[in-house]
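Encoded as structure tokens, the structure appears first; notes follow it.
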Amino acid sequence: MSIGIRVALGINQADPVFRRRNQLRLVAFLSPLAFILLWWWVSRMEIFPTQLLVSPDAVLLAFLELLDSGELWEHLSVSLSRLGTGFLIGASSGLLFGILMALSRTIEDLFAPLFQALRQVPSIALIPIFILLFGIEEVFKVAIVVKAAFFTVALASYESTKGIPRHYFEVAQAYQLPARKLYTSVVIPAILLPVLTGFRIAFARSWTILVAAELLAADSGLGHMMQMGREMFRIDVVMVGVVLTGLIGFGIDRIFKWGEARLIPWRKA
Amino acid sequence: MPQALVGKEISMSALNTVLSFARQQAPQYQLQDRVQRQPGPVDLAIQRVGKTFQLAGENLNVLSDINLDIRSGEFISIVGASGCGKSTLLKLVAGLDTQYEGDIVYQGKRIEGTDLGRGIVFQEHRLFPWLTVEANIELAFSATNVSKPERRKRVQAQIDLVGLSGFEKAYPHQISGGMSQRVAIARALILRPQLLLLDEPFAALDALTRLKLQQELQRLWEHQGLTTILVTHDVEEAVFLGDQVVVMQSHPGRIKRIVPVSLPRPRIRTAPAFHAIRDDVLTDFV
């Protein structure tokens, strides 16, 4: 009996717990702060040569300097526009392709084996081929982002569409839902949550692969800025790039999570 | 103290509460009984129906030679152990599965697919978790050309009828299992079907809620003049609600016999005549 009551209470309490989990509390800043302190302490102790491990305050100075000269904004806007274009193309086509492949037997038979094989190829392994095919200009960088986003989102939407319970389709059949209604009221809401998770993973992959591609071959962008910094032995500039890459990835991930909570009011805790 | 005993005590006292409630309501029901229509012409004819599934290369005969005539306005209960094919039969009548032998003729036409004139309620409520109570019910109108204000009006009336006023904007996860099943019943009734199919609709509910919903179902049936087929494994439920109880047997699924229940409504579960029929049906299973 008491177990049942506790379970019941647990269910009632689940909602605020979920909300709290979605908000950053003050303790969340403890570990980054400790990490910066450790970094600062290690660099002060000069365990590594100062040219190699620069202190956090030097990185902050470099950041302000880059911000002041406008150089940072230039690189950042180029990177973000590549990311935006590539992600938009890759994610939207991946979403559509995944749903179609799950709902149409013909498309599944035709493309599923090729799709499953291609998605195993790491994006980074494709960089040399993409450079040969598209050159080292913009097309190559956007293409590699498209690839990273497309396969991740397509897999998420394919698997989740396949996983829609048959029950739902029986209800749709009983009420003879028109095709458009079937998509807007059943298929899309049913896959929204897993697809949004797919978006988040795809975004993280797109962002990392873009920075990697810019490190290898670019004349602008955040990766290029880091590469230039390394060549000129400006480790502080490299570190600005590292920190920004992390912060931007984290920030956009938070935006996705926020959107998730707003888009899915029916989600249980 | 043994858990089983505790549970039994609770359900007995609960039963008495519900029963005394039923007795209070009795005069009202008897009034309606007097105006109750006579069984009409045969509405649904199930003729020599069989169904075979392919399972790992082998043929599994789940239904064999089912013959049943159901008259307009009748309440038919189908009881049987799990696996006797009773749910399969209901699916065939709903038109969700059209691969079968024999004929199921509804209002003069062989069933070849679903029909908005035949409503169905499943064991699980099958509401869409992303739609509110009213949106779930309104979804039933998708294939009709009923106007938007008319839809609104009828949804509200149906929600009031199943006693869920105030929960129009709630999502399924915010309401109880019993309430969800009421929404499912409202969804099945909103298009005013002439035939209502119920596939173990109360099996997943607790004993108290089940008794309450059985009463409500009886009220709705009397109120709306529906022909109803209820599939259940609960013999008491079958006898409480049905004009006839169809007893099914397994391997292959077939009709063993049909027991008429000619007790006046509402039936008193503690009455000797009720017990006699229930015990008679139970002998088929134990």
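These numbers come from the heavy atoms of this one structure, side chains and all, not from hydrogens, waters or symmetry mates. A, B, ... follow the sequence lines: proteins, then strands. Residue 1 opens every chain.
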Nearest non-hydrogen partners of B/Trp130 and A/Ser185, listed with the distance:
NE1-O, 2.5 Å
Can you tell me which portion of B/Arg118 sits under 4.5 Å from chain A's heavy atoms? Options are side chain, backbone, both or neither.
neither
Would you mind checking which part of B/Phe141 comes under 4.5 Å of any heavy atom in chain A, side chain (CB onward), backbone (N, CA, C, O), both or neither?
neither
Kindly write out the residues that satisfy side chain to side chain contact (heavy atoms under 4.5 Å, CB included) with A/Ser104, not counting sequence neighbours, or none if the list is empty.
A/Thr106, A/Ile107
Does any backbone or side-chain atom of B/Ala135 lie under 4.5 Å from a heavy atom of chain A? Answer side chain, backbone, both or neither.
neither
Hey, is CD on B/Gln99 packed in by over 12 heavy atoms from elsewhere, all under 6.0 Å?
no
Per-residue contacts, residues 152-181 of chain A versus chain B, heavy atoms under 4.5 Å
A/Arg166, A/His167, A/Tyr168, A/Glu170, A/Val171, A/Gln173, A/Ala174, A/Tyr175, A/Gln176, A/Leu177, A/Pro178, A/Lys181
Over 12 non-hydrogen atoms of neighbours within 6.0 angstrom of CZ in A/Arg205
no
Quick check on B/Leu127 against chain A: is it the side chain, the backbone, both or neither that has a heavy atom closer than 4.5 Å?
backbone
Proximal component of B/Ala140, with respect to chain A [non-hydrogen, under 4.5 Å]:
both
Chain A heavy atoms under 4.5 Å from B/Gln174: which part of the residue, side chain, backbone, both or neither?
neither
Return yes when atom CZ of B/Arg152 has more than 12 non-hydrogen atoms of other residues, nucleotides or ligands closer than 6.0 Å, and no otherwise.
no
B/Glu58 atom CD, neighbour heavy-atom count above 12 within 6.0 Å:
no
